[in-house]
Amino acid sequence: MSKQTDDFFKQVVSHAKEYGFVFPSSEIYDGLSAVYDYGQLGAELKNNLKQYWWKAMVQLHENIVGIDAAIFMHPTTWKASGHVDGFNDPMIDNKDSKKRYRADQLIEDKITRYETDGKADKAQQLQTDLDAALNDDDLPRLKAIIEEHGIVCPVSGTKNWTEVRQFNLMFSTQMGASAEDAETVYLRPETAQGIFVNFLNVQKSGRMKVPFGIAQIGKAFRNEVIARQFIMRMREFEQMELQFFVRPGTELEWYEKWKEIRLKWHLSIGGNPVKYRYHDHVKLAHYANAAVDIEYEFPFGFKEVEGIHSRTDFDLKQHQKFSGKKLQYFDPEINQNYVPYVIETSIGLDRLFLTVLCNSFEEQDLSTGDKKDARSVLRFHPTLAPVKAAVLPLTKKDGLPDKAREILGRLKMDYNVQYDEKDSIGKRYRRQDAIGTPFCITVDYQSLEDNTVTLRHRDSMEQERVAISDLNRIVDDLVGWKNMLAAL
RNA sequence: GCGGAAGUAGCUCAAUUGGUAGAGCGAUAGCCUUCCAAGCUAUAGGUUGCGGGUUCGAGACCCGUCUUCCGCUCCA
């Protein structure tokens with residue numbers, strides 16, 4: 001990361017904290033690693049992003065509906081999805097080479113070596129020990145085996161090992177009041193499974209016909225080994241996902257379609273097109289037959305914001321297998337029963353939030369001649385802005401505040417608006433710029449005579465004279481959802 | 001998780017070899033002001049991340065710990 005972009009990112013982060021967008025979690029206790037809270041303005045912005053996504057996906061598509069599944073799910077869900085096995089590896093580090101290995105693989109390698117050396121007995125015995133230890137999840141035993149057999153690090157050649165540790169990316173907790181019969185349940189590491197297990201419920205109760213989609217916005221939790229870069233990778237995060245069910249054989253067609261739709265959506269929130277790109281996955285996950293990321297160029301480089309995966313029928317088939325329930329669809333057009341294929345689009349909402357911040361923030365130089373001047377401005381799309389308008393009396397005397405509050409009273413029925421009478425009018429404009437308010441409405445002496453006000457625009461800093469009676473209509477045209485949605 | 005760096009007011013930073021923690025911006029209450037910040041007066045806000053140690057005395061030195069950043073590693 002260059003010095004310049006590094007400074008820019010630091011500015012964005014401190015601006016986010018200074019103006020109430022994002023705070024470190026439980027900061028008075030030193031914070032909690034990789035957990036953040038959204039403040040008064042951050043919550044508004046995040047809610048607007050969610051609403052925009054939901055409207056664009058659910059409201060605009062006849063064949064997409066939204067659900068809200070619980071964070072807790074039956075433990076078997078995660079066996080079926082592969083999360084229990086896939087993320088339960090016993091790891092060990094060599095302190096000299098700083099390399100990390102899977103403990104069971106180190107031992108497997110040793111077994112192979114015994115075999116090639118013709119020590120079949122030893123190999124057999126070690127295999128038995130290993131299987132027993134893995135079966136019992138006995139981590140100290142694994143460490144003991146490594147020590148007993150003098151296994152060394154392939155890189156450093158030393159036996160200077162750490163303890164064997166289990167790396168499971170899923171958070172777990174106990175369900176059930178008493179400790180004896182409590183059951184271990186997980187905090188979901190992805191929202192997708194809540195959709196898959198409800199596939200039939202939604203399909204039948206909603207009379208859905210393939211192709212159709214189920215959308216969901218919700219929290220997910222991953223116990224990341226390392227989590228860094230502000231809200232890029234958090235332990236508790238929010239996803240916005242669509243699982244789109246299609247007839248087998250048509251999935252790649254739909255995959256291409258969703259790739260296009262989703263990029264267009266990102267561009268519609270005001271992003272600079274050169275900052276977005278597709279990044280195809282070379283190595284595909286076990287469940288996918290095509291996968292691409294939509295990446296955004298953050299100050300620290302291109303990073304994934306949204307993933308679009310062709311998940312085949314892997315998930316539904318797994319749940320069929322583990323639950324013993326049929327998860328199939330009868331397609332009247334071709335008179336066939338089948339397990340639908342799935343195209344997934346999955347956004348990290350917190351990352352999306354960060355792209356919007358990075359995209360919008362500017363330290364603008366307004367110097368003219370010898371007069372130095374600058375402002376911090378967040379150029380949010382007006383529809384997404386946390387505060388839509390500020391109503392400002394030019395001075396706080398002569399009845400101007402009363403008139404301003406009257407206008408405020410009408411606007412606040414429809415929008416999040418602010419009132420401010422402190423300090424000079426210029427300073428108040430700048431304060432609103434800093435939180436990204438697209439419009440300021442200023443009440444002056446003329447307003448008292450002819451019921452007009454000035455409407456000041458954040459981006460151009462220009463102002464126009466408008467009638468108070470026209471305000472609701474004008475503001476609605478500028479910040480309503482219609483504009484954004486029509487552009488899709 | 002390993003290695004390196006850092007942590008002082010809401011933000012950006014000061015504080016001679018260890019000797020009474022300050023400034024600018026921001027905020028609050030006023031004054032001034034008829035449309036683009038930094039004018040005037042006053043005020044608030046810090047056990048220097050936290051805990052321990054050395055010392056007559058620690059923001060500074062030592063140990064531990066937490067958090068953040070950078071690199072490596074990891075990322076179904």
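Numbers restart at 1 for each chain; the letters A, B, ... are given by sequence-line order, proteins then strands.
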For this session: Assign A:Phe230 to base, sugar-phosphate, or nothing according to its heavy-atom contacts below 4.0 angstrom with the strands shown.
Result: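 Sugar-phosphate, no base atom in range.
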Exercise. Across the strands shown, which category fits A:Ala288 at heavy-atom distances under 4.0 angstrom: base, sugar-phosphate, nothing?
Worked result: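 No contact.
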Does [X] make a side-chain N or O approach to OP1 or OP2 of [N] shorter than 4.0 Å?
X: A:Lys17; N: B:C11; result: yes
X: A:Lys427; N: B:G26; result: yes
X: A:Ser33; N: B:U68; result: yes
X: A:Arg431; N: B:A27; result: yes

Separation of [X] atom [atom1] from [N] atom [atom2], in whole Å?
X: A:Ile425; N: B:U33; atom1: CD1; atom2: C1'; answer: 11 Å
X: A:Leu366; N: B:C36; atom1: CG; atom2: P; answer: 12 Å
X: A:Glu421; N: B:U28; atom1: CD; atom2: P; answer: 11 Å
X: A:Arg465; N: B:C35; atom1: CZ; atom2: P; answer: 12 Å
X: A:Glu363; N: B:U12; atom1: CD; atom2: P; answer: 12 Å
X: A:Arg456; N: B:A37; atom1: CZ; atom2: C1'; answer: 11 Å
X: A:Asn223; N: B:C74; atom1: CG; atom2: P; answer: 18 Å
X: A:Arg351; N: B:C75; atom1: CZ; atom2: P; answer: 14 Å

Exercise. Are A:Leu400 and A:Leu448 side-chain neighbours, meaning at least one heavy-atom pair lies under 4.5 Å?
Worked result: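 Contact flag for A:Leu400/A:Leu448 side chains = yes.
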For this session: Flag the pair A:Leu411 / A:Asn472 as yes when at least one side-chain heavy-atom distance between them is below 4.5 Å, and no otherwise.
Result: yes
Check: [X] side chain, [N] base, donor-acceptor under 3.5 Å:
X: A:Tyr429; N: B:C35; result: yes
X: A:Thr454; N: B:C35; result: yes
X: A:Asp444; N: B:C35; result: yes
X: A:Arg375; N: B:C36; result: no

Seminar exercise, completed: Its dot-bracket string being built from Watson-Crick and G-U pairs below 3.5 Å, with | for another strand and [ ] for crossing, RNA chain B has the pattern (((((((..((((.....[..)))).(((((.......))))).....(((((..]....))))))))))))....
Among [options], find the nucleotide with the atom closest to the side chain of [X].
X: A:Glu18; options: B:C11, B:U33, B:C36; answer: B:C11
X: A:Arg430; options: B:C11, B:U33, B:C36; answer: B:C36
X: A:Lys396; options: B:C36, B:U34, B:G30; answer: B:G30
X: A:Gln229; options: B:C35, B:C70, B:U68; answer: B:C70
X: A:Asp30; options: B:C11, B:C66, B:U34; answer: B:C66
X: A:Lys422; options: B:C70, B:A29, B:G49; answer: B:A29

For this session: Work out which heavy atom in A:Ile435 is nearest to a heavy atom in A:Phe21; give both atom names and the distance.
Result: O-CZ, 4.0 Å
Distance between [atom1] atoms of [N] and [M] (Å, rounded):
N: B:A14; M: B:G46; atom1: C1'; value: 14 Å
N: B:C70; M: B:A58; atom1: C1'; value: 29 Å
N: B:G7; M: B:G51; atom1: C1'; value: 16 Å
N: B:U12; M: B:A29; atom1: C1'; value: 26 Å
N: B:A5; M: B:G64; atom1: P; value: 14 Å
N: B:A21; M: B:A9; atom1: P; value: 15 Å
N: B:A44; M: B:A37; atom1: C1'; value: 22 Å
N: B:U16; M: B:C25; atom1: C1'; value: 27 Å

Problem set entry | Check against ring-ring contact (aromatic ring centres under 6.0 Å, His included), A:Phe302 and A:His279 | CA-CA 10 Å; A:Phe302 275 98; A:His279 181 250; 9.3 Å; no
Problem set entry | Residues A:Thr77 and A:Gln193: side-chain donor-acceptor under 3.5 angstrom | no
Ion pair present between [X] and [Y], side-chain N to carboxylate O less than 4.0 angstrom?
X: A:Lys303; Y: A:Asp293; result: no
X: A:Arg375; Y: A:Asp433; result: yes
X: A:Arg456; Y: A:Glu464; result: no
X: A:Glu27; Y: A:Lys17; result: yes

Problem set entry | 5' priority, RNA chain B, between A:Ser424 and A:Pro189 [closest heavy atom] | A:Ser424
Problem set entry | Toward the 5' end of RNA chain B, by each residue's nearest nucleotide, A:Gln463 or A:Val35 |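 So the residue in question is A:Gln463.
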For this session: Could you label the plane-to-plane angle of the A:Phe196 and A:His319 rings as parallel, tilted or perpendicular, counting under 30° as parallel and over 60° as perpendicular?
Result: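 The rings of A:Phe196 and A:His319 sit tilted, inter-plane angle from 30° to 60°.
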